[in-house]
Amino acid sequence: MSHFSLSGLSEPQRAAASTINGPVLILAGAGSGKTRTVTYRMAHMVLNEKIPSSSILAVTFTNKAAKEMKERVIGLLGKRKGRGLTVSTFHSLCVRILKEEIHHLGYSNRFSIYDGGDQVAIVREALTYYHAGKKFDKKMILGRIGFLKNNGILPEDYIQSPFFNEEDEYDLAVETVYRFYQERLKFCNAIDFDDLLLLTVHLLDKHPEIARKYSEKYQYIMVDEYQDTNPLQFSLVQALTSAHHNICVVGDDDQSIYAFRGADIRNILEFENHYKGTRVIKLEQNYRSTKKIIDLANEVIKLSAGRKEKTMFSTNDTGPKPYLWRTGDTDHEAGVVVDDIIAYQKDGGSLADVAILYRSNTQIIPFEDALRLSMVPYRIIGGQKLYDKKEIKDLIAYLSVIHNPKDELSLRRILNVPNRGIGPVTLESHLEIAKVNECSLFEAFELAAQSGEKVAHGGADFVKTIRKYQQKFQEHTLAEALSTLIEEIEYYAYLEKNYDHPKMLEKKRSDVQYFIESAERFTRFRGKFATLEEFIEKLLLADSQNEEKDDEDPDVRRNEVTLMTLHSSKGLEFEVVYFVGMEEEMIPHKKTITEGGDINEERRLCYVGITRAKEKLVMTYCQQRKIYGKDTPRHKSRFVQELEALYEEQDRNALGHLTDEEADEYIADVFSGLISSLED
DNA sequence: GGTTATTATTTTTTT
DNA sequence: AATAATAACC
């Protein structure tokens with residue numbers, strides 16, 4: 001007897017939702033109702049098949065996707081039955097496992113998570129010890145370490161791995177630096193982003209009984225955006241399915257755009273070989289976009305090499321042909337786009353349905369300027385995170401040290417912030433104490449404080465403060481403890497001392513204020529579970545999509561134009577999409593062309609951008625763009641070359657795209673705008 | 001030793 | 001154009 005009906009699904013969607021045992025591969029084209037299918041599948045499992053929700057695990061890539069998926073399943077299941085469900089990102093799943101099990105690897109479960117800046121600092125330090133008569137590029141080294149980690153290679157395995165070439169001086173440098181790097185992290189009881197996966201996989205590999213435990217806990221596993229998984233994530237999935245083969249992966253090889261980050265498209269292309277007896281289901285009907293947009297998208301992606309055969313179709317034959325606008329320079333490009341957005345709004349359109357998509361973050365400046373000038377509200381997704389700002393990092397470093405005093409990087413960051421008279425000399429002497437006593441830097445400061453030497457005055461205060469707040473964070477709420485901490489260290493006074501521009505100071509102050517507020521929100525939402533530990537974890541795993549406006553109604557997109565990169569647009573949709581910078585050397589990007597990268601990935605990125613549009617798609621390219629401060633001529637992207645029949649190309653430099661009548665109207669409009677601006 | 005001037009170098013995408 | 005790295009200077 002079924003309680004939950006799948007009749008709201010199409011034939012293939014229903015097949016996907018009702019096949020729950022054994023391996024399943026759902027090839028879900030853009031806009032094919034993937035999330036709907038997956039959420040119905042979970043509801044079906046719980047309500048019809050009586051599978052306890054606690055034995056279902058769904059894994060996504062971003063917090064935002066996880067949150068949305070969980071909300072939608074709860075919408076179907078109700079809060080009570082939905083609560084036990086685990087919907088998590090790969091990274092937070094690994095944190096969860098490591099918090100339980102990391103002691104098997106010799107770390108304590110109060111580990112810190114190090115971000116990109118911390119990583120660079122360690123590599124810099126390592127390189128000061130490694131001289132081979134040459135200077136090495138930190139980014140490059142770090143990139144290689146990341147690559148090795150994503151392929152599951154630990155420092156001790158590196159030399160025997162196929163990636164090591166003793167002729168290559170970089171490989172030799174990496175051999176030393178990687179070892180140092182990993183030891184340093186361990187000494188600080190810290191792990192980096194890649195370690196979250198690497199150590200988890202390593203752990204499950206070394207301890208099959210632990211793998212079995214988690215595999216038995218999660219009897220049914222689903223992985224979203226499977227085309228973006230890397231070799232480690234693949235191993236993790238294998239370990240988690242070791243007790244059963246109830247694995248359902250959802251993805252679209254045409255939307256694989258994260259190879260640069262280690263994603264391996266072969267994971268999805270060869271899934272059927274990895275799991276015998278896989279049921280493959282294709283979702284090819286697009287419910288999102290008009291036929292005209294899908295036709296263009298299909299032609300663009302057709303030339304991508306090595307893809308799984310499939311063709312999307314749409315039955316929605318309304319709407320205009322996609323446009324391709326030729327514009328002058330970047331300011332002109334931004335200007336015509338914003339003008340068009342204003343016209344759309346005048347016609348009753350909502351800004352919430354409009355997005356501007358670009359290949360690279362460097363493109364946003366002219367658009368921001370134009371939007372601000374015309375007073376069109378907008379919101380930028382991604383880019384710099386709040387938590388990347390210096391002041392916020394200082395405060396997070398305080399929290400980190402309070403939680404894990406071994407975290408030497410954070411400790412050194414805040415030792416003299418605000419100034420306590422602990423300069424390089426004091427630091428050096430305490431590092432020496434730490435070395436002699438084989439203890440952490442923090443313990444060295446404690447030792448020195450106990451011995452009562454005069455030189456350690458600031459240090460003694462510092463140590464006392466940290467100890468005091470370890471206590472305070474236990475006794476008071478997170479938000480309270482944090483704000484008294486900021487008072488106690490006189491952080492505002494420190495800001496005042498360091499920023500003399502009042503505008504800048506105000507900005508810093510409000511950032512700190514915002515940080516406190518976010519701690520308050522967190523406290524409010526999590527109640528007594530709002531621990532320091534959880535808060536730090538949330539901060540560090542937050543992705544740039546999470547512009548935390550969680551006080552507001554999450555279902556209502558605000559009346560703002562959305563600006564974001566093509567990468568962060570994956571999974572989203574908008575009525576109107578401006579795909580800007582459709583130029584050679586932009587997409588495909590110059591780096592990809594000159595460094596022999598995979599042009600197919602750029603093509604797929606282009607495909608992702610086009611398929612975000614539901615109703616109207618406008619692509620633009622500039623004839624001229626400033627590159628490194630120099631005007632450079634530009635040309636339209638090869639991806640839309642020879643597809644002229646599928647879009648309407650317009651020269652936006654003049655009014656050539658308008659009929660005479662429209663041109664008159666336009667001129668009158670501009671004119672009256674001018675008059676009213678003069679009157680102001 | 002720390003600050004400032006000059007010069008080199010960069011602009012891909014991010015959990 | 002903007003930023004980071006390096007050199008030069010106080």
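Source: prediction; values computed, not measured. In what follows, chains carry the letters A, B, and so on, assigned in the order in which the sequence lines appear, proteins first and then strands, with residues in each chain numbered from 1.
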Exercise. Would you call A:Glu68 and A:Lys64 a salt bridge, using N to O less than 4.0 angstrom?
Worked result: no

Exercise. Considering only heavy atoms and no angle criterion, is a donor-acceptor pair shorter than 3.5 Å present between the side chain of A:His567 and the base of B:dT14?
Worked result: no

For this session: Rounded off to whole Å, could you give me the NZ-to-P distance for the A:Lys64 and B:dT15 pair?
Result: 11 Å

For this session: Pick base, sugar-phosphate or nothing for A:Phe260, based on heavy-atom distances below 4.0 Å to the nucleic acid.
Result: base

Problem set entry | Contacts of type ring pair (Phe, Tyr, Trp, His ring centres under 6.0 Å), residue A:His274, not counting sequence neighbours | A:Phe234

For this session: Kindly say if A:Asn150 contacts the phosphate of B:dT15, meaning a side-chain N or O under 4.0 Å from OP1 or OP2.
Result: no

Exercise. Considering residues at least two apart in sequence or located in another chain, which fulfil the ring pair (Phe, Tyr, Trp, His ring centres under 6.0 Å) criterion with A:Tyr258?
Worked result: A:Phe260, A:His567

Exercise. How long is the line joining CG of A:Asp264 and P of B:dT15, in whole Å?
Worked result: 20 Å

For this session: With sequence neighbours excluded, tell me which residues meet ring pair (Phe, Tyr, Trp, His ring centres under 6.0 Å) with A:Phe90.
Result: A:Phe61

For this session: Whole angstrom is fine here: how far is it from NZ in A:Lys538 over to P in B:dT15?
Result: 15 Å

Problem set entry | Length of the line joining A:Leu196:CG and B:dT14:C1', which is rounded to integer Å | 14 Å

For this session: Could you pull out all residues at least two apart from A:Ala334 that satisfy side chain to side chain contact (heavy atoms under 4.5 Å, CB included)?
Result: A:Pro366, A:Phe367, A:Ala370

Exercise. Less than 5.5 Å between centroids and less than 30° between ring planes, does A:Phe193 satisfy that with B:dT15?
Worked result: yes

Exercise. In whole angstrom, what separates A:Leu232's CG from B:dT14's P?
Worked result: 21 Å

Exercise. Does the side chain of A:Thr62 get closer than 4.0 angstrom to OP1 or OP2 of B:dT14 through an N or O atom?
Worked result: no

Exercise. Ring pair (Phe, Tyr, Trp, His ring centres under 6.0 Å) with A:Tyr181: which residues, sequence neighbours excluded?
Worked result: none

Between protein and nucleotides 8-11 of chain B, what N or O pairs are separated by less than 3.5 Å?
| from | atom 1 | to | atom 2 | distance (Å) |
| --- | --- | --- | --- | --- |
| B:dT11 | O2 | A:Thr362 | OG1 | 3.2 |

For this session: Check whether any side-chain nitrogen or oxygen of A:Asn63 sits under 4.0 Å from OP1 or OP2 of B:dT15, and answer yes or no.
Result: no

Exercise. Given atom CD of A:Glu225 and atom C1' of B:dT14, what is their separation to the nearest angstrom?
Worked result: 14 Å

Exercise. So, is the end of the A:Arg521 side chain (NZ or CZ) under 6.0 Å from the ring centre of A:Phe535 and within 45° of the ring's axis?
Worked result: no

Seminar exercise, completed: When rounded to whole Å, the CD to P distance for the pair A:Gln227 and B:dT15 reads 15 Å

Exercise. What is the distance from CG of A:Leu605 to C1' of B:dT13, rounded to the nearest Å?
Worked result: 7 Å

